[in-house]
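Every number for a ligand or one of its atoms is a count from 1 in the order of the listing.
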Amino acid sequence: MKRILITGVNGQIGSELVDRLLQFVDADKIVGLDLRPAMPPYVIAHETVDITNKEALRQIVEKYQADTIFHLASLLSAVGEMNPDQAWHVNMTGLKNVLDIARGKNIQIFWPSSIAVFGPNSPRQNTPQKTILDPNTMYGITKRAGELLCQYYHEKFNVDVRSVRYPGIISHKTEPGGGTTDYAVAIYYEAVRNRVYTCFVAPDTCLPMMYMDDAVRAAVEIMQADLEAIKVHTSYNLTAVSFTAAELAREITKHIPEFRCNYEPDFRQEIALSWPQTIDDSAARADWNWQHKFDLAGITTDMLEKLDKKIRGRN
Ligand code: NAD
Ligand code: SER
């Protein structure tokens, strides 16, 4: 991991992955790429490029001599359902471009899959690593196809590509970009801003979640693991904590007693109900020693403290 390219760098995960990598890599060794221009504080180089443009991507990889790519540019589940053609194009063409450019070169790739690879017929409790995978969203279909593409490029072309199936990611720096799990972030913003939130899934909707600190650490740790330790070449199940929307709201009221959550489920409810409630990530724990640090109480304490400073400017 000497010269790093992060695609989708302006997004929820990319913007925080930069901070994590800067703890052990110099800023001039990292370049970000996004469809959108650079965001302040402009610490690393930035290229405004469409990931589906293979030649432009190839030039950037060569210009910066990247030996590591964190490929995060994507459309997420809710936005993907509203633009299925675009979701297929960006998610599949983008991934294949990255894999093609890495072929025959010594370039290591991280690409996140998602709990969206599971579908209505997958077991919803303690969902195993290997099980029925019949996603019924375009986003989930691109993630499942992407997993198989990664395994194919590893087996046929020896490309070192590593992947995890992220659950919903909760964070305070950059707001999420249009996923089904966005309610688990928005609820904190609205609790701090207005003391009330209208949630787009029902109170008993339970999904696996993870705090951003754990998510970016997982990305770095799987990339740093010995190649021989990596036994799953599609994507590893990964989780931290599962809770319902009502349990999340209750945790917030421990800090903000006047907070109220209302529920008006929309089309994202159906997507949430097709995904697991809890995940078996024992393979990741055994193979590359994955361990989460944040539970719901820890996430809530940190989120409210950080958002209070961000929104209200309190120290
Ligand atoms: P995000 O929507 O916040 O960010 C995606 C970024 O990609 C955006 O900055 C966007 O401008 C950029 N982008 C979109 N189309 C592009 C294109 N054609 N060319 C270049 N850039 C483009 O997403 P995120 O939450 O940071 O997710 C990053 C990755 O992690 C995605 O693959 C996503 O599927 C996966 N993931 C995220 C979560 C989560 O809860 N955030 C959970 C599971 C998996
Ligand atoms: N958080 C993501 C979404 O809801 C899961 O991949 O789309």
Name the residue from Arg144, Arg165, Glu147 that meets the side-chain hydrogen bond (donor to acceptor under 3.5 Å, both in side chains) definition with Ser113.
Glu147

Among all protein non-hydrogen atoms, which one is nearest to [atom], and what is the separation to 0.1 Å?
{"atom": "atom 41 (N) of ligand 1", "answer": "Gln12 OE1, 2.9 Å"}
{"atom": "atom 1 (N) of ligand 2", "answer": "Thr181 OG1, 2.6 Å"}
{"atom": "atom 3 (C) of ligand 2", "answer": "Ser77 OG, 3.3 Å"}
{"atom": "atom 4 (O) of ligand 2", "answer": "Thr180 N, 2.6 Å"}

Heteroatom distance test ([X], ligand 1): nitrogen or oxygen, under 3.5 angstrom:
{"X": "Ile51", "result": "yes"}
{"X": "Tyr166", "result": "no"}
{"X": "Leu35", "result": "yes"}
{"X": "Leu76", "result": "no"}

Is any NZ, NE, NH1 or NH2 atom of the basic residue among Asp308 and Lys310 found under 4.0 Å from an Asp or Glu carboxylate oxygen of the other?
no

With nothing but distance in play, are any N or O atoms of Ser114 less than 3.5 Å from an N or O of ligand 2?
yes

Please check whether Tyr139 reaches ligand 2 - meaning an N/O of the residue sits under 3.5 Å from an N/O of the ligand, judged on distance alone.
yes

If the plane angle is over 60° it's perpendicular, under 30° parallel, otherwise tilted; pick one for Phe157 and Tyr152.
perpendicular

Note: Tyr139, heavy atoms under 4.0 Å from ligand 1, region reported as side chain

Is there a heavy atom of Tyr166 sitting under 4.0 angstrom from any atom of ligand 2?
no

Those atoms of ligand 1 less than 4.0 Å from some heavy atom in Lys143:
31 (C), 32 (O), 33 (C), 34 (O)

Check each atom of ligand 1 against the heavy atoms of Leu72 and keep those under 4.0 Å away; list them by number with element.
28 (C), 29 (C), 31 (C), 32 (O)

Cluster question for you: counting only ILVMFWY and a side-chain heavy-atom cut-off of under 4.5 Å, with indirect links fine, are Val161 and Trp290 together?
no

